[in-house]
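The structure appears right after this line, and notes come after that.
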There are 2 protein chains.
Amino acid sequence: MEATVLGERAAITSEITDLLRKHGITSTLQRVEIAQVLFSKLQHVSAEQVLEKVNRGRGIVSKATIYNTLRLFVEKGLIKEIIADPTKVFYEPISTDHHHFYDVDSGELIDIRSDAIKVDAIPQPPQGYSTLGVDVVVRVRAMR
Amino acid sequence: MEATVLGERAAITSEITDLLRKHGITSTLQRVEIAQVLFSKLQHVSAEQVLEKVNRGRGIVSKATIYNTLRLFVEKGLIKEIIADPTKVFYEPISTDHHHFYDVDSGELIDIRSDAIKVDAIPQPPQGYSTLGVDVVVRVRAMR
DNA sequence: ATTCGTGCAAACCCTTTGCAAAGAG
DNA sequence: CTCTTTGCAAAGGGTTTGCACGAAT
């Protein structure tokens, strides 16, 4: 049993290592840990949340490395930024194609399944630009 | 001619005063100046840009008042925040129903005319929430 | 040996806040 | 006169950066 669990962990780790390499990212302990947090939970996470989750128990990764790595992952197309809360950035695997409700009072993000929303006629980007993606944020407020 | 120009300025000012009053906002010199900047240029403007435009020449409005007033205008439903650049917030009259391209490298926003994009099937907000609006941001990158 | 990654702390920058002075009704 | 609004400067908070140490080839 323990062997199985350990085997699975190892499998996941090497899977992530492959993923990083495929994106031209050198695999390190810290980067694998961060990637695991992002890819296990396929939801928006803030830098602070990544820091907490990675450092359960002993401190493995510093704050600077969290930020550096998140930026690197974004540049390399592994994850994307969710810009909805003016006070902080959320991150999410780029493969998740859902959108978000944004509670303007609490700053909370709530997923919208991708089939529940549809954007037609995405306009051509300006000359010399290419489109990276489309983000839809539905601003909501709790009714008192 | 000068009389006409002055007359127009006065007319615009009183129009804005009315607008503020209709939204339950006490009209003051500073608020009128800020509103004029926002409503003359019907495009996204940052707090910093409002500060510059209002204070052409002599300083009329302080930074704190810019921020306080922008927040007030948002609360009262006069303008809305554009959250697209992680480093700063843009503001825009709430009546403009267009969306934006966001240049991920430069942080620049470019308007998308509202008829060039269409969002179908806006999902129902979660229980107890009401929808304030829908923002679409098309992330673009200049091709090298 | 050189290059790359990590960590710590300080720096940054946009935004907010505390409090005193000025303005509105 | 009372309540609101403004301004200044300082604080706040998420993110970035400078620099030294450690790891890898």
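- At the phosphate of dT6(C), OP1 or OP2 sits under 4.0 Å from a side-chain N or O atom of T28(A).
- One interatomic measurement links the two molecules: CG of L29(B) to P of dT6(D), which rounds to 9 Å at whole-angstrom precision.
- Regarding K88(A), its NZ atom lies at a distance of 14 Å from the P atom of dT16(C), rounded to whole Å.
- Looking at L70(A) and I79(A), their side chains come closer than 4.5 Å, going by heavy atoms from C-beta outward.
- Looking at the side chain of R31(A), the nearest of the listed nucleotides dT6(D), dT6(C), dT15(D) is dT6(C).
- Residue S62(B) has no polar side-chain atom (N or O) positioned under 4.0 Å from OP1 or OP2 of dT6(D).
- Checking the phosphate oxygens (OP1, OP2) of dT4(D), no side-chain nitrogen or oxygen of T26(B) falls inside 4.0 Å.
- When distances run from any side-chain atom of A47(A) to the nucleotides dT15(D), dT15(C), dT6(C), the shortest one goes to dT15(D).
- Listed here is the closest heavy atom pair of P126(B) and I110(A): CG-CD1, 3.9 Å.
- A donor-acceptor distance shorter than 3.5 angstrom exists from the side chain of H44(A) to the backbone of L109(A), with no hydrogens or angles considered.
- No contact: L51(B) has no heavy atom under 4.0 Å from any strand.
- Closest contact between the side chain of N68(B) and the listed nucleotides dT17(C), dG7(D), dG14(D) involves dT17(C).
- When each of K41(A), Q43(A), H100(A) is checked for a side-chain hydrogen bond (donor to acceptor under 3.5 Å, both in side chains) with E92(A), only H100(A) meets the rule.
- dG5(C) atom C1' lies 15 Å from atom CG of L70(A), rounded to whole Å.
- When each of L72(A) and A64(A) is assigned the nucleotide of DNA chain C bearing its nearest heavy atom, the one mapping closer to the 5' terminus is L72(A).
- Atom pair K63(A):NZ and dT15(D):P shows a separation of 9 Å (rounding to whole Å applied).
- V50(A) has its side chain out of reach of Y91(A): every pair of non-hydrogen atoms, C-beta onward, lies at least 4.5 Å apart.
- In the set dT15(D), dT15(C), dT16(D), dT16(D) carries the atom at the smallest distance from any side-chain atom of R71(A).
- Which of dT17(C), dT15(C), dT6(C) sits closest to the side chain of T69(A) comes down to dT6(C).
- Proximity of Q49(A) to F90(A): side-chain heavy atoms (C-beta onward) are separated by under 4.5 Å at one or more points.
- Straight-line distance from the CD1 atom of I60(A) to the P atom of dA23(D): 16 Å, rounded to whole Å.
- Counting non-hydrogen atoms under 4.0 angstrom, S27(B) reaches nothing in the nucleic acid.
- Closest to the Q30(A) side chain, of the nucleotides dT6(D), dG7(C), dT15(D), is dG7(C).
- Per the geometry, CD1 belonging to I25(B) stands 16 Å off C1' belonging to dT6(D), to the nearest Å.
- Rounded to whole Å, atom P of dC12(C) lies 17 Å from atom CD of E48(B).
- Among the nucleotides dG14(D), dC14(C), dG7(C), the one closest to any side-chain atom of Y67(B) is dC14(C).
- In this structure, I83(A) places its CD1 atom 12 Å from C1' of dG14(D), rounding to the nearest Å.
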